Protein chains: 2
Amino acid sequence: MDIQLKRGLLDVCVLAAIKDRDSYGYQMIKDMKPYIEMSESTLYTILKRLESANMLTVRTVEHNGRLRKYYHITKEGLARIDEFKNEWREVMLIYQFVSKEDKPQ
Amino acid sequence: MDIQLKRGLLDVCVLAAIKDRDSYGYQMIKDMKPYIEMSESTLYTILKRLESANMLTVRTVEHNGRLRKYYHITKEGLARIDEFKNEWREVMLIYQFVSKEDKPQ
DNA sequence: GCATAATACATCATATCACGAGGTATCGGC
DNA sequence: GCCGATACCTCGTGATATGATGTATTATGC
């Protein structure tokens with residue numbers, strides 16, 4: 001998939017992955033895989049960014065001797081998803097502009 | 001509209017703006033305005049990029065003493081639009097992932 | 001007649017961001 | 001004891017949208 005097209009979807013996908021239940025990085029990559037693939041470096045960059053923007057909070061949990069960071073969506077994060085849904089109307093308009101079949105002159 | 005979301009649409013919008021008839025920069029901005037707004041600096045950057053990628057060709061025309069550069073889409077450019085349409089299925093899948101309403105646990 | 005807006009192009013510096021390459025450490029299976 | 005899976009992280013690079021700025025002509029308003 002085209003990288004540029006992906007860009008607008010990545011952040012919001014990560015938020016969607018923790019919308020209904022808290023999750024951690026490694027798990028999120030597996031959950032999102034059927035829809036969108038992203039490398040670990042990409043995900044952790046995004047998680048940092050979303051944390052700075054107060055769209056999620058983090059808590060560290062020890063699991064079988066290994067460290068896990070669970071991410072929890074905030075109300076700002078949920079608002080971001082709603083904003084995305086609203087913007088989607090504009091996106092669909094653009095899609096129609098691009099894909100419409102006109103008679104060439 | 002979110003810049004990141006815009007990124008994947010800009011190139012293909014420019015191609016769509018010249019799909020059915022040749023056009024020039026200033027006109028294209030006006031034609032695309034109802035769907036997507038972009039500054040002149042953005043458009044001319046994109047036109048250069050699309051030219052390098054052989055997705056369009058340019059011819060300069062004198063119009064009322066002023067210079068105009070008319071852009072013409074190539075078959076590679078048309079193929080790019082088709083590719084975009086194919087990718088749209090993936091995009092819609094992602095959209096559904098993001099916007100689905102699940103019962104929170 | 002003159003100022004301002006519109007037409008039409010262009011360049012440059014800046015900021016944002018996805019990603020590969022590489023790193024650290026633990027656990028389970030064989 | 002080795003390897004793959006689990007789980008995190010950092011850094012450098014390349015791509016790119018945009019504001020600021022510049023040049024030049026034509027049309028319009030007063």
Side-chain angles (χ1 to χ4, degrees), chain A residues 1-15 17-18 22-33 35-53 55-56 58-71 80 84 87 90-91 94, chain B residues 1-15 17-18 22-33 35-53 55-71 80 87 90-91 94:
Chain A
M1 181 170 173
D2 178 57
I3 298 173
Q4 300 308 315
L5 206 47
K6 241 175 136 173
R7 281 178 100 100
L9 305 168
L10 284 168
D11 279 39
V12 100
C13 269
V14 170
L15 289 172
I18 56 168
D22 295 356
S23 187
Y24 58 96
Y26 209 77
Q27 182 63 42
M28 291 162 74
I29 285 174
K30 285 195 285 186
D31 289 345
M32 291 186 285
K33 194 142 192 163
Y35 304 99
I36 195 167
E37 291 190 45
M38 72 184 79
S39 66
E40 290 180 55
S41 61
T42 300
L43 177 62
Y44 289 112
T45 307
I46 290 169
L47 286 169
K48 278 272 166 60
R49 187 162 67 235
L50 292 174
E51 196 192 345
S52 301
M55 297 209 181
L56 46 78
V58 197
R59 71 174 199 279
T60 304
V61 173
E62 176 130 357
H63 179 82
N64 287 348
R66 244 174 299 180
L67 177 87
R68 262 191 200 168
K69 284 183 154 190
Y70 275 89
Y71 295 90
R80 177 71 190 84
F84 174 81
E87 280 181 330
E90 276 179 76
V91 171
I94 295 170
Chain B
M1 181 170 173
D2 178 56
I3 298 173
Q4 301 307 315
L5 205 48
K6 240 175 137 174
R7 281 177 100 100
L9 305 169
L10 284 168
D11 279 40
V12 99
C13 270
V14 171
L15 288 171
I18 56 167
D22 295 355
S23 188
Y24 57 97
Y26 209 77
Q27 182 64 42
M28 291 162 76
I29 285 173
K30 284 195 286 185
D31 289 346
M32 291 186 286
K33 192 140 193 164
Y35 305 99
I36 195 166
E37 291 191 43
M38 71 185 79
S39 68
E40 291 179 55
S41 62
T42 300
L43 177 62
Y44 290 112
T45 307
I46 290 170
L47 286 170
K48 278 272 167 60
R49 187 162 68 235
L50 292 174
E51 196 193 346
S52 301
M55 298 211 181
L56 46 78
T57 55
V58 197
R59 72 174 198 280
T60 303
V61 173
E62 176 129 359
H63 178 83
N64 287 351
R66 245 175 298 180
L67 176 88
R68 263 190 198 166
K69 284 183 154 191
Y70 275 89
Y71 295 89
R80 177 70 190 84
E87 280 181 330
E90 276 178 77
V91 171
I94 295 170

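Naming: A, B, ... by sequence-line order, numbering from 1 per chain. Because the structure is predicted, anything quoted here is derived from the model rather than measured. Below, all heavy atoms of this structure are taken into account, side chains as well, without hydrogens, waters or symmetry copies.
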- Message: If you go through the side-chain atoms of B:Q4, does one of them form a donor-acceptor pair with the base of C:dC17 closer than 3.5 Å?
- Response: no

- Which comes earlier along DNA chain C counting from the 5' end, the contact point of A:D11 or that of A:H63, where each point is its nearest nucleotide? A:D11

- Query: B:K48 has a side chain; which of C:dC19, D:dT10, C:dT11 sits nearest to it?
  - Reply: C:dT11

- Query: Taking OH from B:Y26 and P from C:dA10, how many angstroms apart are they, rounded to a whole number?
  - Reply: 14 Å

- Task: Ignoring backbone atoms, test whether A:R7 places a side-chain nitrogen or oxygen under 4.0 Å from the OP1 or OP2 oxygen of D:dA17.
- Result: no

- Side-chain N,O (A:R66) to OP1/OP2 (D:dT6) below 4.0 Å: no

- Separation of C:dA18 P from B:L5 CG (nearest whole Å): 12 Å

- Query: Has the side chain of A:E51 got a donor or acceptor atom that lies under 3.5 Å from a matching backbone atom of A:V58?
  - Reply: no

- Message: I need the CD-P distance between A:E62 and D:dC8, as an integer number of Å.
- Response: 13 Å

- Smallest heavy-atom separation, B:Y71 atom then B:I18 atom, equals O-CG2, 3.9 Å

- Interatomic distance where NZ belongs to A:K69 and P belongs to C:dT26 [whole Å]: 17 Å

- Query: What integer distance in Å separates A:E40:CD from C:dC19:P?
  - Reply: 13 Å

- Task: May I ask you to verify if any side-chain N or O of B:K6 is less than 4.0 angstrom from the OP1 or OP2 atom of D:dT16?
- Result: no

- Query: Can you find a pair of side-chain heavy atoms, one from B:I3 and one from A:R7, that are under 4.5 Å apart?
  - Reply: no

- Message: Would you say A:Y44 places a side-chain N or O within less than 4.0 Å of OP1 or OP2 belonging to D:dT10?
- Response: no

- Message: When you measure from the side-chain N and O atoms of A:R49 to the phosphate of C:dT16, is any distance below 4.0 Å, counting only OP1 and OP2?
- Response: no

- When the distance from CZ of B:R68 to P of C:dA10 is rounded to whole Å, what number comes out? 14 Å

- Could you tell me the separation between the CG atom of A:L43 and the P atom of D:dC9, rounded to a whole number of Å? 10 Å

- Query: The side chain of B:M38 lies closest to which of these nucleotides: D:dT18, C:dT16, C:dC27?
  - Reply: D:dT18

- Message: Which nucleotide wins on minimum distance to the side chain of A:L67, given the candidates D:dA27, D:dC8, C:dA18?
- Response: D:dC8

- Query: Do A:D11 and A:L15 touch side chain to side chain, with heavy atoms closer than 4.5 Å?
  - Reply: no

- Message: With a cut-off of less than 4.0 Å, is there a side-chain N or O of A:K30 near OP1 or OP2 of D:dT6?
- Response: yes

- Please determine if a side-chain N or O atom of B:T45 lies less than 4.0 Å away from the OP1 or OP2 oxygen of D:dA17. no

- Rounded interatomic separation in angstrom, taking CG from A:L10 and P from C:dC17: 11 Å

- Note on the structure: Between A:Y35 and B:I94, the two heavy atoms sitting closest are O-CG1, 3.5 Å

- Item | Check against side chain to side chain contact (heavy atoms under 4.5 Å, CB included), A:L47 and A:K69 | CA-CA 11 Å; A:L47 286 169; A:K69 284 183 154 190; over 6 Å; no

- Donor/acceptor link under 3.5 angstrom from B:S39 side chain onto base of D:dG19: no

